[in-house]
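Here the structure is laid out as C-alpha cells; the discussion comes afterwards.
Along the sequence shown, residues carry numbers from 1.
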Amino acid sequence: MKTIDELLAEGVSGKRVFVRADLNVPLEGTTITDDGRIRAVVPTVKALAGAGARVVVASHLGRPKGAPDPAFSLAPAAARLGELLGAEVAFATDTVGESATATVAGLADGQVAVIENLRFNAGETSKDDAERGAFADQLAALADLYVGDGFGAVHRKHASVFDLPARLPHAAGYLIATEVGVLKKLTDEVQRPYVVVLGGAKVSDKLGVIDHLLEKADRILIGGGMAYTFLKAQGHEVGISLLQKDQIPAVLDYLKRAEERGVEFVLPVDVLVSPEFPDLKTKAPANPTTVAANAIPADEEGLDIGPETRKLYASKLADAGTVFWNGPMGVFEHPDYAEGTKAVAQALVDSPAFTVVGGGDSAAAVRTLGFDEKAFGHISTGGGASLEYLEGKTLPGLAALED
C-alpha cells in the first residue's frame, strides 16, 4: 500500500488530489455535535495543500436515498474543515455537476474544496457494478491522484471507496495508515492479557467480532443493550429491556465456546432499570433503580450497568496489556445512565494497557463525557470498519489501495 509520504515525495504541486475522507459527523440541524472525524483528516489535507496540491475532499454523510437532501448537506462539515485548516475551503453544491466542475477548476495550488455529499448520487452506493463505475468515472474526471483517508467507509464497496482508486494513481492517507497500524496491534502484535469490552444495542451487530475474538481475547466484558440477550440466554428475566430472542442460540454457543477455550466472559451483576426510556432532549431526571442483573422487574427496562458491575469491570481491566472497547455500557446520552460508560472509559484511562476505543458511539461518548482523547492509545474513526477488520474480513477500501 503506497503511503501519502511516498506520493508527496513524487511531487503533487499543481495536481488535483481527490481525498476520500469521512466527514460523516453527527448533526443537530446544521450544528456539528462531534467534529472528531473532521479533525482526523486534517493532517492529510494540510500535508497535500502545503505541498501545493489542489485538494478535492469528498465524503458521505448519513443515508440520503441517492438524491439531494438538504438535511444531509456537507456544507457544515466544509465550514468546520476550513476553521480547522485556518484557510478558506470552497464548497461545491453538487458532486459531479456544474458546481463541482467549476469549483475544482477554480482551485489554485494549495487550495482546498469540498464537494457535496457523495450519496446524493445513486451511483455511489449502487450494487450494480456498471452504475457504480459510471459514477467513479465522473469523479475521476475531477482529479489526477487519489488519496484514501476515510477509514470509516473502507468496509463499503462504494464508488468513491472501491472503484475510484482503480482509475487513478492512489495512496493511503495518514489516518488510514494509523488505523491499520493500530488494528494490527489488536490482531498480530497483542500484549496480554487482551481484554475486549463490547456494548451497544444489538448482539447481532457484534456476532462476527465475538466469534473471531473468542480465538484471540483472554477476557470479554459485555454491557449495553446487548447484555440483556446474554442474561436472557442464562435464563434470567430481562423485563422490557432490549432483547434479540433469535440470537439466544448464538449467544449460548459463544458462552459454551468461551468456557471451553478458557476465555473469561463477564456479564453485568447489577443494572439500572426504569419503567420508561429517558427523555434525551430535555434530560429530565429519570430516577432509575438499581437491581441485581438476575432480578430485573418484568415491567422495567435495563438502561445501564450498575455500580457493582462498574467496579467489577474496572478490576477486569486493571491488569490488561491490550484493551479494545466498542459500544457504550448504557444510554450515555442521559446523565442518569452515563456512569457505566464513564466508568469503563476511566478504567481505560487508568490502565497501563494499549487502549483502543473502537469508533462510533464509543468515540462520541468519550468526547461527550469530557475525557481527554490523548489519554487513550487510539480512538478509531470507524466503528463498523474496525469491527469488520477484527472479524478478519477483507475491507474493499483497503484492498483497493493495495498496489
Side-chain angles (χ1 to χ4, degrees), residues 1 4 19-27 32-45 57-63 74 77 81 117-119 124-125 147-162 164-165 171-187 196-202 205-210 212-213 323-328 348 354-368 373 376-402:
M1 189 181 293
I4 186 174
V19 177
R20 199 342 177 151
D22 179 9
L23 308 181
N24 185 29
V25 292
L27 294 171
I32 297 169
T33 58
D34 181 1
D35 68 355
R37 285 178 169 170
I38 302 175
R39 286 186 283 114
V41 78
V42 166
T44 289
V45 175
V57 180
S59 176
H60 69 288
L61 192 153
R63 296 179 183 274
L74 277 174
L81 178 61
N117 192 336
L118 291 163
R119 291 184 183 173
E124 170 67 0
T125 59
V147 171
D149 214 30
F151 181 74
V154 293
H155 58 314
R156 306 296 188 192
K157 193 176 181 181
H158 290 170
S160 65
V161 176
F162 179 75
L164 184 56
Y174 291 125
L175 173 61
I176 279 186
T178 298
E179 294 273 12
V180 171
V182 165
L183 289 170
K184 284 183 177 178
K185 290 185 179 181
L186 297 178
T187 53
V196 176
V197 186
L198 296 176
K202 295 180 179 180
D205 291 342
K206 306 290 195 302
L207 286 177
V209 75
I210 295 173
H212 200 69
L213 289 173
V323 179
F324 174 70
W325 171 32
N326 181 281
L348 265 65
F354 175 64
T355 57
V356 178
V357 180
D361 287 340
S362 313
V366 163
R367 289 187 275 265
T368 299
E373 293 182 45
F376 302 88
H378 179 70
I379 297 179
S380 179
T381 58
S386 296
L387 290 176
E388 290 199 16
Y389 188 101
L390 293 179
E391 288 174 35
K393 291 183 177 180
T394 296
L395 305 188
L398 296 184
L401 293 175
E402 298 287 353

Exercise. Is there a donor-acceptor pair closer than 3.5 Å between any side-chain N or O of N24 and the backbone N or O of G62?
Worked result: yes

Exercise. With a 4.5 Å limit on heavy-atom distance, are the side chains of T368 and D34 in contact?
Worked result: no

Exercise. Hey, what do you get for CD (E388) to OG1 (T394), rounding to the nearest 0.5 Å?
Worked result: 10.5 Å

Exercise. How about I4 and Y174: do any of their side-chain heavy atoms sit closer than 4.5 Å?
Worked result: yes

Exercise. Any donor-acceptor pair under 3.5 Å linking the side chain of N326 with the backbone of G358?
Worked result: yes

Exercise. Can you name the one residue among K157, H158, R156 that meets side chain to side chain contact (heavy atoms under 4.5 Å, CB included) with P396?
Worked result: K157

Problem set entry | Gap between atom CG of L213 and atom CD1 of I210 - 0.5 Å precision | 8.5 Å

Problem set entry | L23 versus A77, closest heavy-atom pair with distance | CB-CB, 4.1 Å

Exercise. Of all heavy-atom pairs between A58 and L118, which one has the smallest distance, and what is that distance?
Worked result: CB-CD1, 3.9 Å

For this session: May I ask you to test the V161-R20 pair for a side-chain heavy-atom distance under 4.5 Å?
Result: yes

Problem set entry | Pair V154-Y389, side-chain contact (heavy atoms from CB on, under 4.5 Å): steps then yes or no | CA-CA 10 Å; V154 293; Y389 188 101; over 6 Å; no

Exercise. So do V323 and F354 actually touch side chain to side chain, heavy atoms under 4.5 Å?
Worked result: no

Seminar exercise, completed: So NE2 of H378 and OG of S386: to nearest 0.5 Å the spacing works out to 7.0 Å

Exercise. Considering only heavy atoms from C-beta outward, does the side chain of L387 approach that of K206 to under 4.5 Å?
Worked result: yes

Exercise. Any donor and acceptor pair, going by atom type alone, linking the side chain of N117 with main-chain N or O of L61 inside 3.5 Å?
Worked result: yes

Problem set entry | Non-hydrogen side-chain atoms of K393 and H155 separated by less than 4.5 Å | no

For this session: Check whether any side-chain heavy atom of V197 lies under 4.5 Å from a side-chain heavy atom of F324, and answer yes or no.
Result: no

Problem set entry | Criterion side-chain contact (heavy atoms from CB on, under 4.5 Å) on V180 and V182, from CA distance to verdict | CA-CA 5 Å; V180 171; V182 165; over 6 Å; no

Seminar exercise, completed: When H60, E124, R119 are each screened for side-chain hydrogen bond (donor to acceptor under 3.5 Å, both in side chains) with S160, the one that passes is E124

For this session: To the nearest 0.5 Å, tell me how far S362 OG sits from L348 CG.
Result: 10.0 Å

Exercise. Without hydrogens or angle criteria, can the side chains of T44 and D149 be said to hold a donor-acceptor pair below 3.5 Å?
Worked result: yes

Problem set entry | Heavy-atom check, side chain of V356 versus side chain of W325, under 4.5 Å | no

Exercise. Minimum heavy-atom separation for E391 to H212, with atom names?
Worked result: O-ND1, 3.3 Å

Exercise. Are the side chain of E179 and the backbone of T381 linked by a donor-acceptor contact shorter than 3.5 Å?
Worked result: yes

Problem set entry | Backbone of G377 reached by a side-chain donor or acceptor of T355 within 3.5 Å | yes

Exercise. Which atoms form the tightest heavy-atom contact between V41 and A21, and what is the distance?
Worked result: CG2-CB, 3.7 Å

Exercise. What's the shortest heavy-atom distance between V357 and A363, and which atoms?
Worked result: CG1-N, 3.8 Å

